[in-house]
Amino acid sequence: MEKMSFVSQKSDKLLNILLNKGFSYNEANKILRNKDVKINGKRVCQNVNVDGENQIEVYYNPKSDIEEEIVYQDENVVIVNKKQGIEIEGEEGLAKKMGAIAVHRLDRNTTGLVIFAKNKQSEKELLQAFKNHSIIKKYLCIVVGNPKFQDCAYSAFLKKDSKKSKVEIFSNRVKGSVLIKSKFKTISTNGQTSLVECQLLTGKTHQIRAHLSYLGFPIVGDGKYGKNIDNKKLKEKYQKLHCYYLKFNNFNEKLKYLNNKEFIKYPNFNL
């Protein structure tokens with residue numbers, strides 16, 4: 001537990017003072033409930049009036065890296081802005097650390113918004129929503145080259161090679177392949193690389209990465225579907241791919257309060 005000490009500058013409610021010191025509303029109320037604040041050496045647990053020139057001491061637990069990245073949370077779901085290099089599943093995965101259930105995936109080196117269920121009923125509804133394409137997901141990425149994508153849908157066929165942990169894309173159906181659809185839109189370019197918005201109309205393993213590479217515009221830093229010569233030239237080791245947008249639609253049971261809610265977390269990408 002850490003300690004923050006300061007002198008109040010003006011008369012105000014204690015809760016407002018804590019909020020102005022950077023604590024969230026939930027954190028400030030928890031501090032009050034636990035009597036983790038002192039005014040002139042006396043512990044308080046209520047939102048009392050505080051005069052100016054009072055000595056205040058606050059005891060609190062610093063946020064973990066995961067807590068810092070929580071975008072939204074309630075009793076049913078939690079949305080996290082995943083960092084690069086973090087797995088969703090496994091002993092060190094986000095799901096276990098969050099104590100929640102992963103309902104979709106992002107590759108280890110893909111960043112962005114990930115949804116977790118906090119109970120079985122929410123898991124069921126979220127999985128069904130992904131199956132019905134009721135959750136809109138959009139990505140931003142930086143690709144090699146200057147594509148002229150105009151918010152159009154592109155179709156192809158994807159075949160998974162589990163032994164190589166890789167997929168292949170074909171223009172026509174081949175044995176073991178499945179139809180994929182991706183929507184791409186070029187946002188900006190510097191001629192050498194471009195910022196592209198992607199929307200999955202189907203959700204398959206490595207779909208965005210492999211599909212863009214197949215179209216001739218691999219994601220910068222992608223060691224699996226890109227070219228090493230490009231990645232070395234651009235000095236990027238990890239793919240510049242980020243899930244930045246989520247929108248919920250058509251829930252009609254436990255999660256219907258989430259209908260039409262949008263969540264946005266932009267990446268720190270520079271062309």
request  = Apply the side-chain contact (heavy atoms from CB on, under 4.5 Å) test between L158 and each candidate in L179, V174, I180; give the one that qualifies.
outcome  = I180
ask   = How long is the gap from CD1 on I136 to OH on Y245, to the nearest 0.5 Å?
value = 5.5 Å
request  = Look only at the side chain of T189 and the backbone of G191, and say whether a donor-acceptor pair between them is shorter than 3.5 Å.
outcome  = yes
key: Non-hydrogen side-chain atoms of Y60 and V37 separated by less than 4.5 Å   = no
query = Take atom CD in Q84; do more than 12 heavy atoms of anything else shown fall under 6.0 Å from it?
reply = yes
key: K224 atom NZ, over 12 foreign heavy atoms within 6.0 Å   = yes
request  = Have a look at Y244 and tell me which of F269, Y266, Y139 forms a ring pair (Phe, Tyr, Trp, His ring centres under 6.0 Å) with it.
outcome  = Y266
remark   = Between the CG atom in L258 and the CG atom in D74, the distance rounded to the nearest 0.5 Å is 6.0 Å
ask   = Just wondering, more than 12 heavy atoms not from E75 lying within 6.0 Å of its CD?
value = yes
note = So CG of N190 and CG of L195: to nearest 0.5 Å the spacing works out to 10.5 Å
task = Indicate yes or no: at least one non-hydrogen side-chain atom of E168 is less than 4.5 angstrom from one of D161.
result = no
ask   = Ignoring hydrogens and geometry, is there a side-chain-to-backbone donor-acceptor pair from Q46 to L32 under 3.5 Å?
value = no
query = So do the side chains of K204 and V178 get within less than 4.5 Å of each other, counting heavy atoms only?
reply = yes
Within residues 75-121 or reaching into it, pairs that qualify as ring pair (Phe, Tyr, Trp, His ring centres under 6.0 Å) - sequence neighbours excluded = H104-F130
request  = Answer yes or no: is there a donor N or O on one side and an acceptor on the other, between the side chain of R108 and the main chain of I86, under 3.5 Å?
outcome  = no
inquiry  = Do V50 and D12 have side chains that approach each other closer than 4.5 Å (heavy atoms only, starting at C-beta)?
reply    = no
query = Between the side chains of K118 and Q73, does any donor sit under 3.5 Å from an acceptor?
reply = yes
message = What verdict does the side chain to side chain contact (heavy atoms under 4.5 Å, CB included) test give for S213 and D222, after you've listed the backbone C-alpha separation in whole Å, the side-chain angles of each residue and the deciding distance to 0.1 Å?
response = CA-CA 9 Å; S213 180; D222 192 338; over 6 Å; no
task = Compare all side-chain heavy atoms of I115 with those of F263 and state whether any distance is below 4.5 angstrom.
result = no
Residues E69, K265: salt bridge by 4.0 Å N-O rule = no
inquiry  = Applying a strict under-4.5 Å side-chain criterion to I, L, V, M, F, W and Y, I'd like to know whether L140 and L234 cluster together.
reply    = yes
task = Spell out, as yes or no, whether a donor-acceptor pair under 3.5 Å connects the side chain of D230 to the backbone of K227.
result = no
task = Scan F149, F217, Y214 and name whichever one has a ring pair (Phe, Tyr, Trp, His ring centres under 6.0 Å) with Y154.
result = F149
inquiry  = Let's go through K82 and T111 carefully: what are the C-alpha distance in whole Å and the side-chain angles of both, what is the deciding distance for side chain to side chain contact (heavy atoms under 4.5 Å, CB included) to 0.1 Å, and is it a yes or a no?
reply    = CA-CA 5 Å; K82 186 182 87 68; T111 60; 5.7 Å; no
key: E262 CD: over 12 foreign heavy atoms closer than 6.0 Å   = yes
key: Note: K120-E123 ion pair, threshold 4.0 Å (strictly below)   = yes
ask   = Distance from K247 atom NZ to K261 atom NZ, nearest 0.5 Å?
value = 12.0 Å
query = Does some side-chain heavy atom of E253 sit less than 4.5 Å from a side-chain heavy atom of Q128?
reply = no
request  = May I ask you to decide if L14's main-chain N or O and N47's side chain share a donor-acceptor pair within less than 3.5 Å?
outcome  = yes
task = First locate atom CG of N54, then atom NZ of K38, and finally report the distance between them rounded to the nearest 0.5 Å.
result = 15.0 Å
task = Would you confirm whether T186, through its side chain, and P147, through its main-chain N or O, come within 3.5 Å as a donor-acceptor pair?
result = yes
query = Looking only at atom types and distance, does a side-chain atom of Q9 sit under 3.5 Å from a main-chain N or O of V7, one as donor and one as acceptor?
reply = yes
inquiry  = I'd like to know if the side chain of N259 reaches the main chain of N250, judged simply by a donor and an acceptor atom lying under 3.5 Å from each other, with no hydrogens or angles considered.
reply    = yes
ask   = Quick one: which of K240, Q239, R105 gives a side chain to side chain donor-acceptor pair (under 3.5 Å) with T110?
value = Q239
Result of checking H206, H211, R209 against Y225 for side chain to side chain donor-acceptor pair (under 3.5 Å) = H206
key: Exam field: side chain S182 to backbone I208, donor-acceptor pair closer than 3.5 Å   = no
remark   = Rounding to 0.5 Å, atoms CG (L15) and NZ (K13) come to a distance of 9.5 Å
query = M4 versus F23: any side-chain heavy-atom pair under 4.5 Å?
reply = yes
query = Is any side-chain heavy atom of I135 less than 4.5 Å from a side-chain heavy atom of L126?
reply = yes
ask   = Does the D107 side chain pair with the main chain of N109, one donor and one acceptor, at a distance under 3.5 Å?
value = no
